[in-house]
A.B. asks: 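Structure below; questions to follow.
Below, chains carry the letters A, B, ... as their sequence lines are ordered, and counting in each starts from 1. Because the structure is predicted, anything quoted here is derived from the model rather than measured.
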Amino acid sequence: MQKQKEPLPILAIARAGIIAALYIAVTLVLLPVSFGPVQLRVAEALTVLPILFPEAIAGLFIGVFFANIFGGLGLADILGGSFITLVAAAVTYRFRHSIIAYLSPILFNAFLVSLYLHALFEWPYWLTVVSIGLSQTVVVFGLGYPLVRLLKKIQKS
Amino acid sequence: MWGVSAVSLIKSITIGQYLPGTSPLHRLDPRLKIISLILYITAIFFVRTFAGYGAAFLFTSFLLLLARLPLGYVIRGLRPVLFLVAFTILLHFFMTKGGEVLVRIGPLTVESAGVRLGLFMSLRLLFLVVTTSLLTLTTSPIALTDGIEYLLKPFKRVGLPAHEIAMMMTIALRFIPTLMEESQKIMKAQMARGADFESGGFLQRARSMAPLLVPLFISAFRRADDLAVAMEARCYRGGEHRTRMKEMVVTPLDYWALAAVTAFLLLIALSGI
């Protein structure tokens with residue numbers, strides 16, 4: 001997506017924008033449980049969407065960017081969180097046919113988000129890794145996985 | 001409980017919102033405002049002592065005054081992070097050791113180093129949230145994306161589609177309220193059919209979100225298709241030769257703002273407070 005000279009197809013732009021809006025809307029609607037060290041960010045179920053659409057990579061990046069502006073821990077979280085999501089989403093897309101696609105948003109978030117939370121606010125690193133990892137696993141496998149299967153079925157029909 | 005409370009919470013969300021106005025802060029160029037924010041946040045990370053936070057408090061209060069924002073509104077915006085502040089304080093009170101023992105509860109002790117670090121980190125967190133909301137409260141989303149697009153331009157060389165990303169941001173900002181309203185509607189509709197978003201364990205609760213997310217996603221993707229058709233019909237052709245209704249102009253006021261923030265950063269970094 002990054003290297004191409006042709007302008008992006010309009011549908012891809014529209015879809016990426018809507019995916020970003022979805023991420024933000026779901027995060028805000030479920031705000032009481034979205035933020036915090038023991039976070040259950042239901043919107044993270046969207047992180048598996050690059051399996052179906054490559055433009056979801058950009059959509060997720062923007063979604064996390066704004067969601068963290070609206071309720072995160074300030075600039076470090078806005079930039080850090082969204083870039084980690086970008087990398088994780090690109091990996092998900094690259095390995096979209098294997099289990100790595102699902103593991104990527106879990107592992108990148110658990111290990112890297114904890115890293116800056118530890119560096120900035122001195123939260124205990126491993127405790128944060130376990131807590132974020134656990135919540136990501138629940139959301140990605142409990143919600144993201146069935147969602148992708150369903151959307152695939154709809155796409156086919 | 002939070003299934004219901006989530007529905008009523010939306011009205012109380014103030015963070016990330018824009019309050020239109022004509023104050024000097026509102027009139028700043030969005031590009032320089034973003035750069036100033038980055039500098040100011042860097043300064044906050046340089047703060048070493050509580051006196052440093054005192055200085056930051058004075059500077060932030062000055063900015064708040066200048067922005068003519070209702071103070072109650074800004075303080076209400078802090079509510080969602082209070083949980084994190086409490087968590088940070090408790091964590092350091094009980095886990096960080098060193099200095100005198102202040103309180104002893106069974107095997108747990110609260111020591112002076114922990115109290116200091118807990119308060120220090122919570123202040124950092126609060127300042128980060130307030131300064132970031134100073135930007136979003138005084139800058140319209142459109143101006144914000146224009147500023148971001150401009151600042152992303154240098155990355156075009158490495159293949160980053162700066163305009164397209166800004167367009168996606170604009171679409172996202174436009175559709176957040178629509179999708180929030182829709183998700184509330186779906187939540188209420190599913191609750192009326194007996195859906196339960198509240199009880200059960202961790203996994204159960206995540207799974208209970210499916211009746212909300214599936215219809216929401218499907219209708220959102222349909223919306224994206226419609227939007228693409230509408231854009232196509234209006235001959236949208238990306239960033240080339242596109243003009244703006246409001247051009248961004250840098251004024252002397254912007255240079256003054258940038259100078260003030262830079263001076264503050266140098267003061268904090270060099271004096272070591």
Side-chain angles (χ1 to χ4, degrees), chain A residues 1-4 7-26 28-33 35-37 40 42 45-46 58-59 61-63 65-66 69-78 120-124 134-135 138-139 142-143 146-147 150-151 154, chain B residues 2 5-6 9-10 13 15-16 37-38 41 80 83-84 87-88 91-92 95 117 121 124-125 128-129 131-132 136 159-161 164-165 167-173 175-176 179-180 183-184 202-203 205-207 209-210 213-214 216-218 220-221 223-225 227-228 231-232 236-238:
Chain A
M1 180 197 109
Q2 308 251 314
K3 289 270 157 59
Q4 69 190 37
L8 285 173
I10 293 177
L11 181 61
I13 295 178
R15 208 181 264 150
I18 296 278
I19 289 174
L22 256 181
Y23 187 98
I24 302 160
V26 173
L28 290 182
V29 170
L30 304 176
L31 195 69
V33 283
F35 295 99
L40 190 66
V42 177
L46 286 160
F61 171 71
I62 295 166
F65 184 88
F66 281 111
I69 287 184
F70 294 164
L73 306 173
L75 196 71
D77 199 28
I78 296 169
L120 298 181
F121 306 109
E122 307 209 1
W123 288 353
L134 198 72
S135 117
V138 167
V139 174
L143 213 52
L147 205 72
L150 192 89
L151 287 174
I154 292 174
Chain B
W2 52 272
S5 62
L9 185 99
I10 283 189
I13 291 176
I15 33 175
L37 175 72
I38 294 173
I41 283 177
F83 167 74
L84 282 178
F87 176 80
T88 309
L91 204 72
H92 286 297
M95 310 269 290
L117 201 63
M121 290 301 160
R124 179 182 277 185
L125 214 153
L128 289 184
V129 176
T131 44
T132 310
T136 49
L160 189 85
E164 280 79 359
I165 288 182
M167 188 69 208
M168 291 169 194
M169 286 182 171
T170 316
I171 294 175
L173 289 169
F175 278 95
I176 294 167
L179 293 180
M180 277 172 85
S183 52
Q184 284 181 327
F202 217 39
L203 189 70
R205 248 175 21 188
R207 276 187 174 278
M209 287 292 140
L213 293 192
V214 171
L216 184 67
F217 281 25
I218 290 173
F221 285 125
R223 236 178 245 282
D225 291 341
L227 178 66
M231 284 164 78
E232 198 114 41
Y236 170 77
R237 280 290 167 274

A.B. asks: Chain B: which of Ala45(A), Pro146(A), Ala12(A), Pro124(A) shares the most heavy-atom pairs with it under 4.5 Å?
C.D. replies: Pro124(A)

A.B. asks: Working note: Leu227(B) + Arg15(A), criterion side-chain contact (heavy atoms from CB on, under 4.5 Å); need CA distance, chi angles, decisive distance, verdict.
C.D. replies: CA-CA 9 Å; Leu227(B) 178 66; Arg15(A) 208 181 264 150; over 6 Å; no

A.B. asks: Could you tell me which portion of Ile62(A) (side chain, backbone, both or neither) has an atom closer than 4.5 angstrom to a non-hydrogen atom of chain B?
C.D. replies: side chain

A.B. asks: Return the minimal non-hydrogen interatomic distance between Ala14(A) and Ala224(B), and the atom names on each side.
C.D. replies: CB-O, 3.6 Å

A.B. asks: Can you tell me which portion of Leu150(A) sits under 4.5 Å from chain B's heavy atoms? Options are side chain, backbone, both or neither.
C.D. replies: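 Contact with chain B is through the side chain of Leu150(A) alone.
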
A.B. asks: Testing the basics here: between Ala220(B) and Ile18(A), what is the closest heavy-atom pair and its distance to 0.1 Å?
C.D. replies: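 Ala220(B) and Ile18(A) have their closest heavy atoms at O-CG2, 3.5 Å.
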
A.B. asks: Over all heavy atoms of both residues, which pair between Met209(B) and Val42(A) is shortest? Give the atoms and the distance, please.
C.D. replies: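 Minimum heavy-atom contact is CG-CG1, 3.8 Å.
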
A.B. asks: Could you measure the distance from the CD1 atom of Ile24(A) to the CZ atom of Phe175(B)? Nearest 0.5 Å is fine.
C.D. replies: 12.5 Å

A.B. asks: Measure across Ile13(A) and Met168(B) and return the closest heavy-atom pair with its distance rounded to 0.1 Å.
C.D. replies: O-CG, 3.7 Å

A.B. asks: Do the side chains of Leu151(A) and Phe221(B) get nearer than 4.5 Å, heavy atoms only?
C.D. replies: yes

A.B. asks: What part of Leu147(A) gets within 4.5 angstrom of chain B, counting heavy atoms only: side chain, backbone, both, or neither?
C.D. replies: side chain

A.B. asks: If we define contacts as heavy-atom pairs under 4.5 Å, which of Gly17(A), Gly63(A), Gly59(A) has the most with chain B?
C.D. replies: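 Going by pairs under 4.5 Å, I would pick Gly17(A).
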
A.B. asks: Which heavy atom in Leu179(B) sits nearest to a heavy atom in Ala25(A), and how many Å separate them?
C.D. replies: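 Between these two residues, the closest heavy atoms are CB-CB, 3.8 Å.
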
